[in-house]
Number of protein chains: 2
Amino acid sequence: MYTVPDLRAHGGADAFLRNCASRAVLDLLTNKWVCLVIGALRPGTMRFGELRRRLDGITQKMLTQTLRDLERAGLVNRDLYPSVPPKVEYSLTPLGENVGVLMDAIRVWAEDHIEDIRTAQVTYDAKATEELQPI
Amino acid sequence: MYTVPDLRAHGGADAFLRNCASRAVLDLLTNKWVCLVIGALRPGTMRFGELRRRLDGITQKMLTQTLRDLERAGLVNRDLYPSVPPKVEYSLTPLGENVGVLMDAIRVWAEDHIEDIRTAQVTYDAKATEELQPI
DNA sequence: CAGTATCCGTCCGGATACTG
DNA sequence: CAGTATCCGGACGGATACTG
């Protein structure tokens, strides 16, 4: 029989519960663009245009939205230099650097296990197909 | 000036590129339910119904879909016991246990930093409001 | 018990146009 | 340069009904 592990080990928060605030934090973090933006900012400060070019495939809207969410959550700093043309620099806060270690680990894991995943998927799809046509 | 770090350090994969296969893997992993399902399975094998009850708020459809995706990617085992009523047990594969360490870290981080995030968000929202009404 | 099938509203995310 | 505003299709995800 399954028993729930000790949830109070770190403050009583439990992301498995739908109304726990940690579920919302998890929602924020488990996002492709969030992972990549934070990963891009780990080496250092970047401007908006630099981020847009680095995050291949992201639209202006999604980059703006992601950066706002991260700024609001206190993971990213936004520094505006009111020059003409305007210059905006983004960087990680200490909290952002903290979670950045985890975001990087996820991204690197994905990069390192492409073949494992692809092989498994091909095998799975082949089995599904052969079940439909047993010769 | 920003320079791209050495991408070839682990096989040439780069999730920042839109067509890199690792981007698809990242897409699979950066998902709330994926994180929670893998986290729930780390302590050991669980049945479908047990998972549904543990992952508060998940629907049958999303649980099935998530489990299929993970099974197809080779992260989860599905063991069917053709009894009546049927019994299906889910567990992590070695690959699943491997990424499970990272998924758990993300979830625990979320649980541990609720207050930091909430404080930052309240502060951000307060500033946005005062800018609209400078008295 | 562990699904599959279907319907349907929401909102994610892309494309485009415009601005300080 | 770094946004904002708007439109829109399609996927995501929930609710419900049915099944081996």
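Only heavy atoms go into these numbers, but all of them, side chains included; no hydrogens, no water, no symmetry mates. Below, chain A is the first sequence line, B the second, and so on; all start at residue 1.
Here Asp125(A) pairs with Arg72(B) under the side-chain contact (heavy atoms from CB on, under 4.5 Å) rule; sequence neighbours left out. Residues that satisfy the side-chain hydrogen bond (donor to acceptor under 3.5 Å, both in side chains) test with Arg53(A), not counting sequence neighbours, are absent from this structure. Residues forming a side-chain hydrogen bond (donor to acceptor under 3.5 Å, both in side chains) with Gln121(B) (at least two apart in sequence, or on another chain): none. Under the rule for a side-chain hydrogen bond (donor to acceptor under 3.5 Å, both in side chains), Glu97(A) has no partner lying at least two apart in sequence or in another chain. The ring-ring contact (aromatic ring centres under 6.0 Å, His included) test applied to Trp33(B) returns no partner, not counting sequence neighbours.
Residues from residues 27-35 of chain A with heavy atoms under 4.0 angstrom of DNA chain D: there are none. Proximity of residues 79-91 of chain A to DNA chain D (heavy atom under 4.0 angstrom from any strand atom) is restricted to Pro85(A), Pro86(A), Val88(A), Tyr90(A).
Applying the 4.0 Å criterion to OP1 and OP2 of dC1(D), one finds that Arg47(A) has every side-chain N and O outside that range.
Ion pairing between Arg118(B) and Glu115(B) holds under the 4.0 Å rule for side-chain N and carboxylate O.
Leu26(B) has its side chain within reach of Leu36(A): a pair of non-hydrogen atoms, C-beta onward, lies under 4.5 Å apart.
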For a quick test of your reading: what N or O donor-acceptor pairs under 3.5 Å do the side chains of residues 73-81 of chain A make, sequence neighbours left out?
residue, atom, partner, partner atom, Å
Arg78(A), NE, Tyr90(A), OH, 3.3
Tyr81(A), OH, Glu89(A), OE1, 3.4

Which donor-acceptor pairs under 3.5 Å do side chains of residues 60-71 of chain A form with protein atoms, sequence neighbours excluded?
residue, atom, partner, partner atom, Å
Thr64(A), OG1, Gln60(A), O, 3.0
Thr66(A), OG1, Met62(A), O, 2.6

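Across the protein-nucleic acid pair, Glu50(A) atom CD and dA2(D) atom P stand 8 Å apart, rounded to whole Å. Taking atom CE on Met46(A) and atom P on dA2(D), their separation rounds to 11 Å, with Å as the unit. The separation between Arg53(A) atom CZ and dG3(D) atom C1' is 15 Å, rounded to whole Å. Remark: C1' of dG14(D) and CZ of Arg52(B) are 14 Å apart, rounded to the nearest angstrom. Arg18(A) has its CZ atom 13 Å from the C1' atom of dG13(D), to the nearest Å. Met62(A) places its CE atom 18 Å from the P atom of dG10(D), with the value rounded to the nearest Å. Atom CD1 of Ile58(A) and atom C1' of dA2(D) are 14 Å apart (whole Å). To the nearest angstrom, C1' of dG3(C) lies 14 Å from CD of Gln65(B).
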List, with names and distances, any nitrogen or oxygen atoms from the protein found under 3.5 Å away from nitrogen or oxygen atoms belonging to nucleotides 4-9 of chain C.
residue, atom, partner, partner atom, Å
dT4(C), O4, Gln60(B), OE1, 3.4

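Listed nucleotides dG14(D), dG3(D), dG14(C) differ in distance to Arg78(A); the shortest reach to its side chain belongs to dG3(D).
Judged by distance alone, with hydrogens and angles left aside, the side-chain atoms of Asp56(A) form a donor-acceptor pair with the main-chain N or O of Arg18(B) at under 3.5 Å. Here the side chain of Ser22(B) pairs a donor or acceptor atom with the backbone of Ala15(B) at under 3.5 angstrom.
When every heavy atom of Gly96(A) is checked against every heavy atom of Ile38(A), the shortest pair comes out as O-CG2, 4.2 Å. What you find for Ile58(B) and Arg52(B) is that their closest heavy atoms are CG2-O, 4.1 Å.
Helical stems in DNA chain D, defined as runs of 3 or more consecutive Watson-Crick or G-U wobble pairs with both donor-acceptor distances under 3.5 Å, are listed by first residue as C:1-20 with D:1-20.
Residue pairs satisfying the ring pair (Phe, Tyr, Trp, His ring centres under 6.0 Å) criterion with at least one member in residues 98-120 of chain B, sequence neighbours excluded, are listed as follows: Trp109(B)-His113(B).
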